[in-house]
Amino acid sequence: MKKPYLKLFSGAVLAVSLLLTSCHSAYEVTRVEGNRVPIDSTWDAEPDAEATALLAPYKAKIDSIMYTVAGTAEISMDRSRPESLLSNLVADVLRESAAEILGKPADMGLVNIGGIRNSLTEGPIRTENIYEILPFENSLCVLTMKGTVLKQLFENIAAKGGEGVSGVQLKISRDGKLLQGSVGGNAVVDDRTYTVATIDYLADGNDGMTAFPQAEQRECPEGATLRGLFMKYVKAQTAAGKKITSRMEGRIIIED
C-alpha cells in the first residue's frame, strides 16, 4: 500500500472509532457481510516498487532454501484412503524415527491423511515440496499402550476408512468397522505393551484417535517435527545413493 492511503485510512479508522465510542449505545450490529478475495496474479499488475525492493533480499534468501534439491522421487506418490503410497512412506518415516527414543523402530507408525497436504511428484524433491506436503508443525510422539488400547486405536482408524499406517495390517468393512488387526503379522495380545509412533496432534486424541489418551506412556522429543524427520530421511537416502520410493502392501484392506 502507498503511504498517502495508509494515512487516510488511519484517519478514517480514528473517526469511526470516535463515532462508535460516543454513540455506541444507539447502535447494534444487525448484519455482517463478507466475501473472499482471491490472492492471485491480478495483484501483480501494479506492484508496489517500494514494497518489492524491501522484500527482495528476504525473498532471495527464502528462494535459495526452498529451491534446494534434497533428493529424487523414483515415482509419483499421492495420499488417499484406505492406503496410499505417500501415506505409507510418511508412516514408515515416523515408525523408524522412533528408534532415536526406543533404540529400535516402533511397533506401529500412524499419520492422518488430513495431515498430508500435497502429493509427491516423480523427479527432484525440493525443500518447498516437503513444506507443501507437510506444512504443519506436527512433532513426533511415541506412545506405549496395552494391546486392548491398541485394538481401540485400530477401531478408530477403521471408523475413518483408513489412515497412513506402518507395521500393522488391518481389515475393515465399508461402513467403518474393524474386522481384523495384527502387528507385524501377529495377532494383538491384550496384556502386552506396544509402541506407536505418531504426531502430537493425534496423540492428544484429535481427528477421531480417541484411544491415544489412554496410553500408559508418552514421549515427544523436542524439535522432532514430522517435516524435519521427513527431510532428514530424504537426505539420508540421497546420501546413500537411493531414490525415494514406496509401495502398496495391503496394509489396510476394505472387505465387503
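If you're wondering where the values come from, they're calculated on a predicted model, not measured in any experiment.
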Donor-acceptor pair, distance only, cut-off 3.5 Å: does the side chain of [X] make one with the backbone of [Y]?
X	Y	result
R79	I116	yes
D190	G147	no
S246	L86	no
E83	R251	yes
Y194	V189	yes
S84	D78	yes
D204	N206	no
E163	I113	yes

task: Answer yes if the side chains of T195 and D107 hold a donor-acceptor pair under 3.5 Å, and no otherwise.
output: yes

field: Side chains of S182 and Q169, donor plus acceptor under 3.5 Å
entry: yes

field: Other residues, nucleotides, ligands: >12 heavy atoms within 6.0 Å of E46 CD
entry: no

field: K151 NZ: over 12 foreign heavy atoms closer than 6.0 Å
entry: yes

- prompt: Are R227 and F136 in a cation-pi contact, defined as NZ or CZ under 6.0 Å from the six-membered ring centre and within 45° of the axis?
  reply: no

Does the side chain of [X] reach to within under 4.5 Å of the side chain of [Y], using non-hydrogen atoms?
X	Y	answer
D256	R174	yes
L110	L202	yes
K146	T193	yes
L153	M108	yes
Q214	Q152	yes
E96	L229	no

- prompt: Does T210 have any side chain to side chain donor-acceptor pair (under 3.5 Å) partners at least two apart in sequence or in another chain, and if so, which?
  reply: N156

- prompt: Does a salt bridge link D200 with R218, judged by any charged N lying under 4.0 Å from a carboxylate O?
  reply: no

task: Indicate yes or no: does K232 engage E100 in a salt bridge with an N to O separation below 4.0 Å.
output: yes

statement: Nearest heavy-atom contact between M209 and K160 is CE-CG, 3.8 Å

- request: Return the minimal non-hydrogen interatomic distance between A158 and I172, and the atom names on each side.
  value: CB-CG2, 3.4 Å

query: Yes or no on side-chain hydrogen bond (donor to acceptor under 3.5 Å, both in side chains) for E74 and T245, after CA distance, side-chain angles and deciding distance?
result: CA-CA 5 Å; E74 188 172 56; T245 191; 3.2 Å; yes

